[in-house]
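To start, the structure under review is shown below, and the notes come after it.
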Amino acid sequence: MKRILIFAAILCFCGCTWAVAEEGMWLFTNPPTEAIAEQYGVTLTPEWLERVQKSSIRFGNGGSASFVSPQGLLMTNHHVGISTLQRMSTADDDLVKNGYYAETLADERKCPGVELNVLWEVRDVTAQVQAAVRPGLTGDAAEQARRAIISKIESATNEETGLKCEVVAFFNGGLYHLYCYKKYTDIRLVFAPEQAIGFFGGDPDNFEYPRYCLDVTFFRAYENDEPAETPNYLTFSENGAVDDELVFVSGHPGRTNRFKTVAELKFYRDKLNPYGMEKVYRKEVTMKAYGEMSAENLRQVQTEIFRWTNYRKVRLGVLTSLQDASLMARKEAEEKALRDEITRARLLNLNEASPWLQIERALKQWEPIMYAHDLLETGEGFNTPLFTYARQLVRAAQESQKPDEKRLRGFMTADLPNIRTSLEAESPFYAEVEIAKLGDSLTLLIEKLGAEDQLVKQMMAGKSPQNRALELIRGTKLADAETRVAYFDTAIEVGQIATDDPMVELALALDKRARELRSVMETRVEEPMRQAYTKIADARFKLYGTTVYPDATFTLRLTYGQIKGVTDPDGSTHPAWTIMGNTFKHGEAHNFIAPYTLPDSWMAARDRIEADTPMNTISTTDTIGGNSGSPMINAAGEIVGILFDGNRVAHARSFIYDDTHIRSVSVCSTAIIESLKSVYATERLLQELETVMK
């Protein structure tokens, strides 16, 4: 009881007590059922939780979705699906600009390179993983021991279950869970609106509120060339939500840093994030410059431009949050309170063996390799998927000859079929786009590593960045999927790449140094930090038990909050809802000039639309990037919206939770149904949704 009271005092001191704020990105294995029952009188049953869990989808590598019918129909954001729409588009059939509706099942179009994962089973493997790293093991030995046991667990469970199984670390290694996913790879497009309404207001309105977007797209999962049977799905609420109603969001938040030390946050603020902003600005400017050359150029890169303008606002919001002295003071107070309580409980040695000091030492190892590791090992110096293919081929050949426990993560035996699938995915290839991207990233590489660096000289082969990029892109055969797969099959069979392809030769030339950088990062930075954070997590568990949640890791989480209006930091207030009729007024206020140009379908339907229908709404649910496409559901488990954004100050949620000014933004279920009915006349889709609607 004493520890609970101390913890409550810490939370109150930090301004984030859960008695008044619905903080938490909770694991489905540890949902805050008691807090919800006490605060709202709502009981989340095991059946409710299982249905929501198995209805929720991890969409590709960066978004969320949910099944909305028993026939594999699923819903996500337009902006989550936009890269898929772009890959399916041509100059004569622009699905991004014009949208799409499949009037029959046969019209549902196959989507290349899309994988969906549904969390099916979770096992706690903390004891197994931590036992493998014996006391006294450090650096490379500790990292190899951990890698070996994780590989063993994943391989055995993959074979046992037939599912896609991944060991996930929480609390920076304080907990390890085995996540087993049901995988879908045959995905087909059912409905997408025009981008003009899916991203109405464009960059100026992005991360703002009020909003007026129909940011929604429907796909369908198939198995054996038939619509997948998905008995776990979410129904649409007939009436949507109301002010102050309790709502839940089930999705895959990407990454938060709420439990990082102050020293690491300052490293992000002063080193990593400014560098990250530099990269984003460059990519955005490069793509905009290319797009301005012609209408066709713009079509080719419109999703790239969207990606980088969106990410620029994200990174800038994160950076300015870290530069807010009051936020940093709050984090310092939280850290001091935790350390003081650990000292009182005599849980850790906070002198020379202090995990906080261990993290500071690791950060000093990170800084001198920060640029080289990012550019050479992470691949930021070679910004084209063709280099990614080349590296996959090179490393698959090398790693496939080793036992699993000695391979790099991502190249285990169980990973090879996934790599092959990614290599065989067809997508449009625009050589001039790739030349522009690669040329700019090579310029960045020279700036950061130096033109006199011997490896840089070797990679540039005496040419300018643009000319070297042109030579590599036009000389490689990796734009062809059949060639990539043939290279892969041969590489796995013989254990080497036998080709004079210039992109493969580039990947081979820098692989030794890239691996060295990776080893330094893993053994001198990540491993010491992982062990330090494990100590902190263990102490936190002893103090607070499971009353805390782990940082986001793009794994399934449940959050809850209320539909609630907001007062901005400047004092302006906004109700919790916008309405469909005001979408037109918002466009008129900007003379319907792009990005406030509504599509013809909406202008023609203006008189048919019920103007008072709720369009977008805001809530206090604890969400962040990666949650895009997550269903927002009521206590009955019915969809009342789909999350797509946050307001201007929402990026601070990477580090703290606050419900004073921060809100999550969702498309209302009512607006989705009204649009399908009055604008698009999607009778088949509406019938499927309304058959299961409550």
Side-chain angles (χ1 to χ4, degrees), residues 75 77-79 99 192-217 236-245 247 310 313 562-621 628 632 639-650 661-682:
M75 177 176 70
N77 287 150
H78 184 271
H79 82 259
E194 308 91 335
Q195 187 181 26
I197 186 62
F199 192 43
F200 183 62
D203 186 47
D205 278 9
N206 196 20
F207 296 112
E208 300 288 346
Y209 188 79
R211 294 293 297 276
Y212 304 89
C213 287
L214 187 69
D215 195 351
V216 63
T217 298
F236 270 64
S237 167
E238 187 172 1
N239 299 313
V242 297
D243 279 331
D244 298 322
E245 182 174 356
V247 291
N310 181 71
K313 276 199 166 181
Q562 291 177 285
I563 302 291
K564 193 177 288 291
V566 69
T567 299
D568 288 339
D570 63 8
S572 57
T573 61
H574 306 286
W577 309 90
T578 61
I579 59 174
M580 294 185 75
N582 285 350
T583 306
F584 297 94
K585 293 180 181 179
H586 194 52
E588 287 172 345
H590 296 85
N591 297 316
F592 290 115
I593 296 173
Y596 299 96
T597 306
L598 284 166
D600 292 343
S601 60
W602 275 68
M603 298 303 293
R606 184 170 186 173
D607 293 337
R608 297 194 299 271
I609 293 172
E610 292 288 340
D612 291 337
T613 303
M615 181 71 174
N616 293 164
T617 187
I618 49 177
S619 66
T620 61
T621 50
S628 291
M632 183 171 70
I639 290 177
V640 294
I642 179 172
L643 188 133
F644 74 95
D645 209 352
N647 62 353
R648 183 183 308 176
V649 291
H661 304 298
I662 299 176
R663 293 292 184 271
S664 302
V665 187
S666 300
V667 184
C668 302
S669 59
T670 48
I672 296 170
I673 297 300
E674 178 65 14
S675 300
L676 294 176
K677 179 178 66 175
S678 297
V679 179
Y680 299 106
T682 58

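All values below were derived from every heavy atom in this structure, side-chain atoms included, with hydrogens, water molecules and symmetry-related copies excluded.
- With hydrogens and angles disregarded, a donor-acceptor distance shorter than 3.5 Å links the side chain of R608 to the backbone of S678.
- Between H79 and F199, every side-chain heavy-atom pair lies at or beyond the 4.5 Å cut-off.
- Side-chain contact between D645 and Y209 is absent, with no heavy atoms from C-beta onward closer than 4.5 Å.
- Here the side chains of E610 and M580 are not in contact, with every heavy-atom distance at 4.5 Å or above.
- Remark: side-chain polar atoms of T617 are paired, donor with acceptor, to backbone N or O of A576 under 3.5 angstrom.
- The backbone N or O of C213 sits less than 3.5 Å from a side-chain atom of N616, completing a donor-acceptor pair.
- Between V679 and the choices I197, L214, I609, the side-chain contact (heavy atoms from CB on, under 4.5 Å) rule is met once, by I609.
- With contacts defined as side-chain heavy-atom distances shorter than 4.5 Å, the pair W577/C668 qualifies.
- Taking all atoms of both residues into account, the shortest heavy-atom contact from P204 to P595 is CD-CG, 3.9 Å.
- N77 places a side-chain N or O within donor-acceptor distance of the main-chain N or O of D215, the cut-off being under 3.5 Å.
- Side-chain contact between E194 and Y680 is present, with heavy atoms from C-beta onward closer than 4.5 Å.
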Practice task
Please report the C-alpha distance between D205 and Y596 in whole Å, then the side-chain angles of each, then the deciding distance to 0.1 Å, and finally whether the side-chain hydrogen bond (donor to acceptor under 3.5 Å, both in side chains) criterion is met.
Solution key: CA-CA 10 Å; D205 278 9; Y596 299 96; 2.9 Å; yes
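- The shortest distance between side-chain heavy atoms of H574 and D568 falls below 4.5 Å.
- In this structure the side chain of R663 reaches within 4.5 angstrom of the side chain of T620, judged on heavy atoms.
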